[in-house]
Every structure is written in structure tokens, then in C-alpha cells.
Amino acid sequence: MNNSSEKLKAIERRIAHVWATLLHHPVGRPEHASSLSKLSLGLWECFQVTGQLYDLEASIQLDQELLLLHPVGHRKCDSSRFNLAGHLEEIDESIQLNREALLLRPVGHQETVSLLSNLSAGLRSRFRLTGNPEDLEESIELNRKALLLCPVGHPQRALALKNLSVALRRRFQLTSSQADLTECLSASKEAAIDLCSPVSDCLDSVKHWIIFTQPHNDLAQSNLDAYIMGLSLISRSLCMMPIISLQYQHLSATINLPEFVSDGASQAIHLGQPALAVEIIEQGRGLLWSELRGLRTPMDSLQALDQSLAEELIQINHRLEILSTENSVEAGTTDFGIESDSHQHQVDIHSDPFGRSLSEKSHLLQAQADVVGKIHKIPGFETFLGRKSFGELQSAAMHGPVIVVNCSGRRSDVLIILEQNLPILIPMVEGFYEETKTLVQRLKEAQSDIKVAPKRYNHVLRATLQDLWDLVVSPVVAKLRELQIPEMSQIFWCPTSILTLPLHAAGPVSPGTKKFLPDLYILGPPTLTALITSFTTTKSSSGLPRLLVAGQYDSSLRNTKEEMKEVLQYNLKRHITVNKDAVAKALVDHEWLHIASHGTLVPKEPFGSYFSLAGGSRFTLLDIIRLNLPNAAFAFLSACHTAELSAGSVHNEVIHLAAAMQFCGFRSVVGTMWEMADVDGPEMVKDFYSSVFSNLEGDPSRCNEVGVQARALAEATKKMRGRKGVTLEQWVNFVHIGA
């Protein structure tokens, strides 16, 4: 990658961050003007690198807004005017150069569309500065000419439609012409669904569609339609990435996904469609897990009707999974035996290491689409592998209420899902999103200084748990009591967006008490689809489970052997191993897993997170998701950071070691939210397993029932809280995920 490309990517990441900040800082807030200034500067820098006039146009618009915020005499007024004057000189020069370049190109030349678009953008930019309506009219006319040169099937059609939509929007803002409004929306929608244009251009059109419709109450449904289309496009864009690590990088670099999903859900709630809001959240949360989980969709019912079609899809999905879970070194060298004369097969993998993989994936996806198309023609399979409806997602509440917290700058709400009826809505207080951001940032800062200021961290954590109780958990508990949900029954939390806080330990529930949320309800925070999978794959056993124990024995973990003794005192069929290959091989024959080792996060590379095992081997998150363990039931991950997101992660993707264990087959997982003290292992393990095996009532098959491990963890952490010298941070660290 050359220096200009690296510089551009860095600028675009900064712009995405500032843009997200701006959306949630309306006019009047002190951060608004600062965000406008930073965004204008970023777009100007983009223009300097790319020469794209629409970046310059956007920068000018922001500078004009800054002028309105800084009246004459304000210390920043002169600098804003200077920026605009400099822009006008640049624009005039660019317009002239584009006019000359067009004269040198014959009609139909391949560069004509780009030149028309650039000239149109320059005229729009000049219109914003001078107010000359002739510039805007010529801009619209040039966009229409560009569109005529981009018939259906042309790769620049979406871009041409979006540019026309932008110009029409400018004129609508002046004239309020209904015809301009109708054509603007029509162009945005057509651009969004154009299958022959780059997905990035389609997504840009969706963003424009959202921005245009958001201020208009009469366009609220259109605004919601734009969010739904955007989610579909984001999923489609992942198909352009051959392996899952590249897909993740794409999600983190190209779109502020958590806020996009939550804002879309908030719009559905605003329009009185809470069931659709749940569907949107589930579709946009854990996109990568959903894609991989879709490749492991059970085919039992399909096999009963058409075994050959089911087997064909199983084989294609298996090949796709192998390809998706390769690492960057392996990618591009795998041969699945698919013949093709595609030019991409002739790409030199040394100059384009992913070219071969992308070509393979393209052919596999086409084969998959062909088979799924045939399946959709079978009665009862019309929505096979499609987006799950609320009715399907509602089965996640079969063992207890599911509590979805939608955290958005537009509005924040709790949605309680029960086995029957529509979701129950609890609106959060105004400013909930901003308060949550403050809590997250405050806890993160205190956590980074925990080594030098442990008392301060515990103080901040205590305040955070109290704020969580007051802000979100207390209203939920009040509603659960109103619904007559018995205390100590199981509930399942699904937080979204930036809400990456220890909801499971909120409290105390009232001043002067030591009672926290785990004393009221048993918890387990999953995605809905993962929870449904956990329920449907739960299998009873006629006896005690087979346990695999893996540990790291060295001077850095002095208490590992003592912890292992606590685990091994129970009369389980067990196997002890210490290195990565042996663990992966032995897991196939064991229902339970207990790992005691170091857990390590890799910043911005969550698939590289790992358990340290013997011989310096690393059992990585990528190694784990390659496993398919249909008999797995429970995993206790006694290591640091196993349920924590790595720095710079996409919140909604929830990619950590515990989630990987759940994906590969373990329906119930105990993990840790941050660094775990080695001294905590033996006592926690002793109390946890004691609780599990003392409540079986003579029936060993009950140890795999839904809720057993979650209840055992609640009891173990309660005992831990009662021990002298145990800090708040130590017991809050442990969390249960799954059924």
C-alpha cells in the first residue's frame, strides 16, 4: 500500500469517528462547533489527496455552518471566512480544468462520466459560496447527462444517481419543490439497490438518503427504509472480503456500524414498530458470527425432503467456512477444485495474495445462491437462510425474558421480549446515550491506571454499577416485577452499541444494602440467535459429563495446580492435556472444558486473541471457531480477558474468546471481563463446581440443564463477595454467557 493510500485511510477513519460524534452533538452543545471544524478539516485533507470535489463541497458546507455559529467579531469568524475564500479560488480553477478536459474528450469517452461528475460537484461547491442559482441549475443538468451515459448495468450508475440526488436536494432546500423531493428520493433508492455498482457507492447513497429524510417527519418511514437497505448492503459488502479477518477490518474502517444499527432500531421504535426494531438489532449485531453460523445451519428438515440438495448445500457451506476462517498467510493458496477461466485465477498471489481466495469465494457464493434458490421453491422453505422474523427470534425467551438495550443518540430504549406478544417498551431517560458514553470512558480510563491506582478503579467501578442500576436496570427490574417474573429466575441481557459495561453486576439495589442484580435474577448475555442455538442444541446426558482440563503450569500462575485439584476432585470422566493440538483433538470427545492459563488480547486483531498453553503454543480465537463441536455443553475459561473486547473493536460484533467458544458448540460459558487475579482461581472454581454438583438431586443428567451454570456462578460470586479482602473488581469480573 502506497503512502497516499495509507494517509487516506487514516483520514477516513478520523472522519468516521468525528462524524459519529457530530451526529450526537446537536447545535447548542459546546462540542458541536469543534466537531464541525474537525470534520471540515478532514474533508479538506481528503480533497487534497484525492482531488474529489464532493469532499471539498462538504468541507465548504461545514465552514459555512461554522460562520453561522460564529458571528462577526467572534475570534473564529475570520479564520472561517479565510477558509471559504481559499476554497473559491480552488473551485474556480477546478471548474475551468474540468471544462477544458471535457472538450478534449469525444462523446462516450470512458472518462466523460467522471469529468461530468467532477464539474457538477465544482459548480455545486461554488453555488454554496456565491449563491448563484445558475451554477446549481448547470450542476443538475450535468448530472442528468452523466446519468444518461450510465444505463442499467453500468458500474458508475449508483454514483451518478447519488450525485443527481445531492444536487436535487440542494434545489429542494431552496424551492421546496415536491418534484425535486420525489426525484431525489427516487434516485437515492435506485442507487442503493443497483447490483452492478460498487457496494461502497450504494452505501454512500443510503447515507445521503438517511441524512436527507431524517429532519422530515413525513419521510420517517423512508428514513427507516434507508436503514434497512443499509444493513442489507453492509452484509453484501462482506461478500467482497474473502476471509473473516478482512471482513472485520472492513467493518471497523468503513462504517460506524454499532451506531448505524442502533439508530435504525430507534427509528423503528419511533414509528411504533418494536418488533422490527428487534429484527434490525439482531440483523446488525454480530454480523460475522451470523455469517459463520449460517454456514452451520442444521439441515435435518431439508434432508427429510431432498437429501441430495441438502448434501450439496452442506458441501458448499463447508468450503466457504474453510475459506472464511483462513488466516492472511493461508489465504490465496487454497484450491477447492472449482474450475474457472476467470481472470482472477491468473492473479499472481505474491502481488495480490487475496485474489485467488476472492475468486474462489465468488464462485462458492454463486453456487450457494443457486442451491438456496431451489430450496426456496420447496413449500415451507420460502425464507430459508433469510433474515429472522420477530416470531422466530421470540423463541429466545423460552427460558426467561430477553432484555434488549438499544443505545442510540437519537433515542434509547429497553425492549423486553417474552414468549408471547410484542416486545414491551421501556423508554430510557433523555441523554442516556451521552451518560453511557461518559460511564464507558470513565471506567476505561480508571482501568488503564489500575496498577498504580487500584483504589480509584474500585471507586469508579462502584459508581458505575450504581449508575447502571439507576439508569437502566432499576426500571427493568420494576417492569419484571410488574410482569410477575419470579425473583431468581433466569433473564438474558442483550446490550448494543457502546453499552459495554458490566450490567450483570449492577447495584446495589437500594442504599445501604449489599444486594446486587445477581441476587435478584440469574443472568446470561448473548445474541438472540446464539441463545436460540444454545437452547436447541442442549442435550441431556445419562451420566456425568466428560471433562477436558487444559492448563498452563509455570511460575506466573502459581495457583493453577491448586485450581486443577478443585476441578478434578469430582468423579468425572476426565482427560488432562496442556498443548494446543492436543486440546483441539480431545475436545471432540468431551462435553465440558476447563482452561486455566493466560488469556491475551491482541489490539485491533480480535481473531488473534489467545490462550497460552504448554510449549509456547497459542490456542487462538481463530483456532477455536474452526472447531465444530456438536457434543459440547459447558466451558469454564479461567483466564484473563476471555469475555472482553480487544482495544479498537467493533462493539456490536462481540468478538472475544468466550463468544468463540459459544460459536463452536459450547452452549454455556463462564468468562472474565478483564484481567483475572491468579489467587481467585481455586476458590472460585471450588465454589462454582460445588454448586453445580450439589444441586443435581441425585440425577447427574441435570448438570447440562439450561440455567445450571448461570445459577452456580451467581452462588459462587455471592460467596466471593462475602470473603474478607475481596474487592468489587474481583467478583464483577466473572460473567456467564449463553443458556
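Counting begins at 1 with the first residue of the sequence. All values derive from a computational prediction rather than experimental measurement.
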J.: Do Cys202 and Lys162 come within less than 4.5 Å of each other through their side chains, counting heavy atoms only?
T.: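 No, side chains not in contact.
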J.: Quick one: pull up CG in Leu174 and CG in Leu136 and give me the separation to the nearest 0.5 Å.
T.: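 If we round to the nearest 0.5 Å, Leu174:CG and Leu136:CG are 6.5 Å apart.
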J.: Going from CD1 on Ile281 to CG on Leu415, what distance comes out if it is rounded to the nearest 0.5 angstrom?
T.: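 Those atoms lie 5.5 Å apart.
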J.: Would you kindly say whether Arg169 and Ser165 are connected by a side-chain donor-acceptor distance under 3.5 Å?
T.: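 There is no such pair between these side chains.
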J.: Between Gln267 (side chain only) and Ala220 (backbone N and O only), is there a donor and an acceptor less than 3.5 Å apart?
T.: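 Side chain of Gln267 to backbone of Ala220: a pair is present.
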J.: Ignoring hydrogens and geometry, is there a side-chain-to-backbone donor-acceptor pair from Gln368 to Asn317 under 3.5 Å?
T.: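 Not a single qualifying donor-acceptor pair exists.
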J.: A side-chain contact here means heavy atoms from C-beta on lying under 4.5 Å apart; do His270 and Ser266 qualify?
T.: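 They are not in contact (no side-chain heavy atoms under 4.5 Å apart), so the answer is no.
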J.: Can you spot which of Glu392, Glu279, Glu282 makes a side chain to side chain donor-acceptor pair (under 3.5 Å) with Arg387?
T.: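 Among Glu392, Glu279, Glu282, the one meeting side chain to side chain donor-acceptor pair (under 3.5 Å) with Arg387 is Glu279.
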J.: Does some side-chain heavy atom of Asn143 sit less than 4.5 Å from a side-chain heavy atom of Ser139?
T.: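 Of all side-chain heavy-atom pairs linking Asn143 with Ser139, at least one is under 4.5 Å.
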J.: So does Glu312 pair up with Lys374, basic N to acidic O under 4.0 Å?
T.: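 Result for this pair is no, no salt bridge flagged.
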J.: What pair of heavy atoms forms the shortest contact from Phe260 to Leu231, and how long is it?
T.: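 Closest pair (atom of Phe260, atom of Leu231, distance): CE2-N, 3.9 Å.
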J.: Of the non-hydrogen atoms in Asp263 and Ser408, which two are nearest, and what is the gap between them?
T.: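 Looking at all heavy atoms of both residues, the shortest contact is OD1-OG, 2.5 Å.
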J.: Side-chain contact test, heavy atoms from C-beta onward, threshold under 4.5 Å: evaluate it for Ile234 versus Leu251 and give yes or no.
T.: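 Ile234 vs Leu251: side chains touch.
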J.: Donor-acceptor pair, distance only, cut-off 3.5 Å: does the side chain of Thr297 make one with the backbone of Gly294?
T.: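 Yes: the side chain of Thr297 pairs with the backbone of Gly294.
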J.: How many angstroms lie between CG in Asn163 and CG in Leu116, if you round to the nearest 0.5 Å?
T.: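 That separation rounds to 10.5 Å.
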J.: Please assess Glu183 against Arg144 for the test salt bridge (charged side-chain N to carboxylate O under 4.0 Å, His left out), listing each intermediate value before the final yes or no.
T.: CA-CA 12 Å; Glu183 189 178 4; Arg144 295 193 191 283; 2.5 Å; yes
J.: Are side-chain heavy atoms of Glu137 and Glu141 found at a separation under 4.5 Å?
T.: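 No, their side chains stay 4.5 Å or more apart.
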J.: Do Ile95 and Asp135 pass the side chain to side chain contact (heavy atoms under 4.5 Å, CB included) test, and can you show the C-alpha distance, the side-chain angles, and the key distance before you say yes or no?
T.: CA-CA 11 Å; Ile95 288 173; Asp135 283 337; 5.8 Å; no
J.: Ignoring hydrogens, what is the shortest heavy-atom contact between Ile140 and Ala167? Give both atom names and the distance.
T.: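 Distance-wise, the nearest heavy atoms are CG1-CB, 3.7 Å.
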J.: Does the pair Arg126 and Asp92 meet the rule for a salt bridge (charged side-chain N to carboxylate O under 4.0 Å, His left out), with working shown?
T.: CA-CA 8 Å; Arg126 191 164 69 184; Asp92 286 339; 3.2 Å; yes
J.: Using side-chain heavy atoms (C-beta onward) and a distance below 4.5 Å, is Leu309 in contact with Ile378?
T.: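 Yes, their side chains come closer than 4.5 Å.
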J.: With a 3.5 Å distance limit and no angle check, can you tell me whether Asp201 reaches the backbone of Ser197 through a side-chain donor-acceptor pair?
T.: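 Side chain of Asp201 to backbone of Ser197, a donor-acceptor pair under 3.5 Å: no, none is there.
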J.: Taking Trp289 for the side chain and Thr529 for the main chain, is one N or O donor matched with an acceptor at less than 3.5 Å?
T.: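 Not a single qualifying donor-acceptor pair exists.
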J.: Kindly compute the distance separating CG (Leu271) from CD (Gln273), expressed to the nearest 0.5 Å.
T.: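 Answer for the CG-CD pair, Leu271 versus Gln273, is 5.5 Å.
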J.: Are any non-hydrogen side-chain atoms of Leu185 and Leu219 less than 4.5 angstrom apart?
T.: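 Of all side-chain heavy-atom pairs linking Leu219 with Leu185, at least one is under 4.5 Å.
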J.: State, to 0.1 Å, how close Ile655 and Pro606 come at their nearest heavy-atom pair, and which atoms those are.
T.: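 Closest approach of Ile655 to Pro606, heavy atoms only: CG2-CB, 3.6 Å.
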J.: Counting only heavy atoms not in Glu111, do more than 12 fall under 6.0 Å of its CD?
T.: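 More than 12 heavy atoms, drawn from other residues, nucleotides or ligands, come within 6.0 Å of this atom.
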J.: Please check this pair: side chain of Ser188 against backbone of Trp209, looking for a donor-acceptor N/O pair closer than 3.5 Å.
T.: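 Answer holds: no.
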J.: Taking the six-membered ring for Trp, are His208 and Phe212 parallel (under 30°), tilted (30 to 60°) or perpendicular (over 60°)?
T.: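 Parallel.
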J.: Taking all heavy atoms of Ile91 and all of Gly122, pick out the closest pair and write down the distance.
T.: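 Nearest pair, atom of Ile91 first, then Gly122: CG2-O, 3.4 Å.
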J.: Is any side-chain heavy atom of Arg157 closer than 4.5 Å to one of Leu161?
T.: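 Leu161 vs Arg157: side chains touch.
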J.: Taking all atoms of both residues into account, what is the closest heavy-atom pair of Val199 and Arg236, and its distance?
T.: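 Reported closest heavy-atom pair: CG2-NE, 3.5 Å.
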J.: Any side-chain to backbone donor/acceptor pair from Thr496 onto Cys407? Under 3.5 Å, distance only.
T.: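 Yes; at least one donor-acceptor contact below 3.5 Å.
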J.: As an exercise, state the distance from CG of Leu224 to CE of Met229, rounded to the nearest 0.5 Å.
T.: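 Taking CG in Leu224 and CE in Met229, the distance rounds to 12.0 Å.
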J.: Please walk me through it: do Leu365 and Leu320 pass side chain to side chain contact (heavy atoms under 4.5 Å, CB included)?
T.: CA-CA 8 Å; Leu365 287 172; Leu320 277 168; 4.1 Å; yes
J.: Start with the C-alpha distance between Phe607 and Leu288, add both sets of side-chain angles, then the distance that settles side chain to side chain contact (heavy atoms under 4.5 Å, CB included), and finish with yes or no.
T.: CA-CA 12 Å; Phe607 295 100; Leu288 301 183; 4.1 Å; yes
J.: Regarding Glu291 and Gln247, is there a side-chain donor-to-acceptor distance under 3.5 Å anywhere?
T.: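 Short answer, yes.
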J.: Quick check against the 3.5 Å criterion: does His154 have a side-chain atom that pairs as donor or acceptor with the backbone of Gln156?
T.: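 At least one qualifying donor-acceptor pair exists.
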J.: When rounded to the nearest 0.5 angstrom, what distance separates NZ in Lys189 from CG in Asp225?
T.: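 Answer rounded to 0.5 Å: 6.5 Å.
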J.: Using the rule given for side chain to side chain contact (heavy atoms under 4.5 Å, CB included), can you reason through Tyr433 versus Ser262, listing the C-alpha separation, both sets of side-chain angles and the distance that settles it, and then say yes or no?
T.: CA-CA 11 Å; Tyr433 181 86; Ser262 295; over 6 Å; no
